[in-house]
Q: 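Have a look at this one.
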Amino acid sequence: MKIIGTGSALPHLVVTNDDLSKFLDTNDEWIRTRTGIQSRNILSTETITELAIKACLDCIKNAKIDIQDIDYILCHSVISDAIIPALSTFIHDAIGTDCPTLDLNGACTGFIYALDIADSLIKAQKAKNVLIVCAEEPSKFVDWTKRETCVLFGDGAGAVIVSEGGFDSKIHLKTQHTDALYCGANYGNSPFDKQEMKDPFLYMKGRDVFKLAVQSSKKDIDYVLEKAGMTYDDVNYFLLHQANMRIIDFIKEQFGLSCEKFPHNIEYTGNTSSASIPLLLDEMNKNEQLKDGDVLVFSAFGAGFTSGACLIKWGKN
Ligand code: COA
């Protein structure tokens, strides 16, 4: 599997830490030192569907591929504008393809899940080119009166096109039980439903998530490196889920590697859930930071507790 193009889209509204401190008991210093975040983009007048479509069109342009050559659209989003139809079907209509579409929900690990499914579709010869878009709006399920969670997140959409050929990428996924991250949902008005109403906002045990994130990322990365017969030194860049700069620093220190191998954009995106890695990858691609043959390791974690890593070589050949 190889990545032949990347794309992204962010909402136009930039919300700084100072903006948040106007209505929350928080401050720039606390948010910067505990998380590394300075600002994030939040949906206001646009929809997540519009953002996803924009990221896909940007990606198709970057890949220089004919739209009719896309064989599958995989869309990852924790929530979107409609329960049905799936977000991927709106993308299908907007870009004008005639291929199958599927929505997934693997929480913040979603990009790695989507890569795994794309890899399987390609290996099963059901697709040659798969468009993946991770489009997330955590701003819709965090409680904006709770400083513990809402300051951490941002909205955005990142896309890639993966194609047949290239390096035999290594992927590892894992789910372990935890109640550290949860967000309930209430649907419909069934007169037979005797369940209590659930809290519709994100509940998070921050310190538990921090520990799980550091432990699982290291294990997942070690696993894919072993499968590839490589060591930390063989990797050019580790693109880690942009959840907290301190989590990224912790993992970097465990590996004993230099900062340059751990690119980040959390300063100005916040945690954009599954979109965080494709957004970062697109930024690196557009800035021409990546060279053919570069070994990239993606590693993510999220509610479930899901986690996973993917080792891939950069380059269209
Ligand atoms: N502004 C100011 N103070 C805040 C605050 C904010 N936005 N959020 C929390 N605080 C306060 C707390 O109320 C607490 O005050 P107290 O000591 O008076 O009780 C204090 O800061 C410390 O809170 P704590 O939760 O212990 O901080 P922490 O060092 O564990 O950092 C997180 C909190 C959330 C930044 C950190 O635990 C974290 O990043 N966890 C991982 C979260 C994550 O990645 N989630 C997404 C996974 S996909």
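Both counts, for ligands and for their atoms, begin at 1 and track the order of listing.
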Q: Show which atoms of ligand 1 fall inside a sub-4.0 Å distance from at least one heavy-atom site of His241.
A: 48 (S)

Q: Return the closest protein heavy atom for atom 46 (C) of ligand 1 as residue, atom name and distance.
A: Asn271 ND2, 3.5 Å

Q: Got a protein heavy atom sitting under 4.0 Å from atom 37 (O) of ligand 1?
A: yes

Q: Quick one: do the Ser274 and Glu136 side chains pair a donor with an acceptor below 3.5 Å?
A: yes

Q: Give the numbers and elements of all ligand 1 atoms closer than 4.0 Å to a heavy atom of Phe301.
A: 47 (C), 48 (S)

Q: Ignoring hydrogens and geometry, is there a side-chain-to-backbone donor-acceptor pair from Asp103 to Ser88 under 3.5 Å?
A: yes

Q: From Ser299 OG over to His172 NE2, what is the distance, rounded to the nearest 0.5 angstrom?
A: 10.0 Å

Q: Name the closest protein heavy atom to atom 34 (C) of ligand 1, giving the residue it belongs to and the distance to 0.1 Å.
A: Met204 CE, 3.9 Å

Q: Among residues two or more places apart or on two chains, list those pairs meeting ring-ring contact (aromatic ring centres under 6.0 Å, His included) that have a residue in residues 5-49.
A: none

Q: Going by the order shown, which atoms of ligand 1 are within less than 4.0 Å of some heavy atom of Val151?
A: 7 (N)

Q: Looking only at protein heavy atoms, identify the closest one to atom 39 (O) of ligand 1 and say how far it is in Å.
A: Asn244 ND2, 2.6 Å

Q: To the closest 0.5 Å, what do you measure between CD (Glu46) and CG (Leu51)?
A: 6.0 Å

Q: Which is closest to atom 27 (O) of ligand 1 in terms of heavy atoms, Arg34, Gln242, Glu29, Lys146?
A: Arg34

Q: Determine the minimum heavy-atom distance between Gln289 and Asp294, stating which atoms define it.
A: O-OD2, 4.2 Å

Q: Once you restrict to heavy atoms under 4.0 Å, what part of Thr26 touches ligand 1? Side chain, backbone, both or neither.
A: both

Q: Look at atom 14 (C) of ligand 1 and say whether a protein heavy atom is found at less than 4.0 angstrom from it.
A: no

Q: Quick one: look up the protein heavy atom nearest atom 44 (O) of ligand 1 and list residue, atom name and how far away it is.
A: Ala243 CB, 3.5 Å

Q: Output yes when Lys123 and Asp168 qualify as a salt bridge under the 4.0 Å nitrogen-oxygen rule, no when they do not.
A: yes

Q: Is the distance between the ring centroids of Phe262 and Phe238 under 6.0 Å?
A: yes

Q: Testing the 3.5 Å rule here: is there a donor-acceptor pair between the side chains of Thr49 and Asp81?
A: yes

Q: When you measure from atom 43 (C) of ligand 1 to every protein heavy atom, which one gives the shortest distance, and what is it?
A: Val209 CG1, 3.7 Å

Q: Give me the residue, atom name and distance of the protein heavy atom closest to atom 9 (C) of ligand 1.
A: Trp30 CZ2, 3.4 Å

Q: Where is the nearest protein heavy atom to atom 40 (N) of ligand 1: which residue, which atom, and how far?
A: Gly206 O, 2.9 Å

Q: In Å, rounded to the nearest 0.5 Å, how long is the span from CD of Gln38 to CD1 of Ile31?
A: 11.0 Å

Q: Return the residue, atom name and 0.1 Å-rounded distance of the protein heavy atom closest to atom 48 (S) of ligand 1.
A: Cys108 SG, 3.4 Å

Q: Any ring-ring contact (aromatic ring centres under 6.0 Å, His included) involving residues 282-317? Give me the pairs, sequence neighbours left out, ordered by first then second residue.
A: Phe111-Phe298, His241-Phe301

Q: Please tell me if atom 17 (O) of ligand 1 is touched by the protein, where touching means a protein heavy-atom distance below 4.0 Å.
A: no

Q: Out of Arg246, Arg207, Lys205, Arg147, indicate the one that has the non-hydrogen atom closest to atom 26 (O) of ligand 1.
A: Arg207

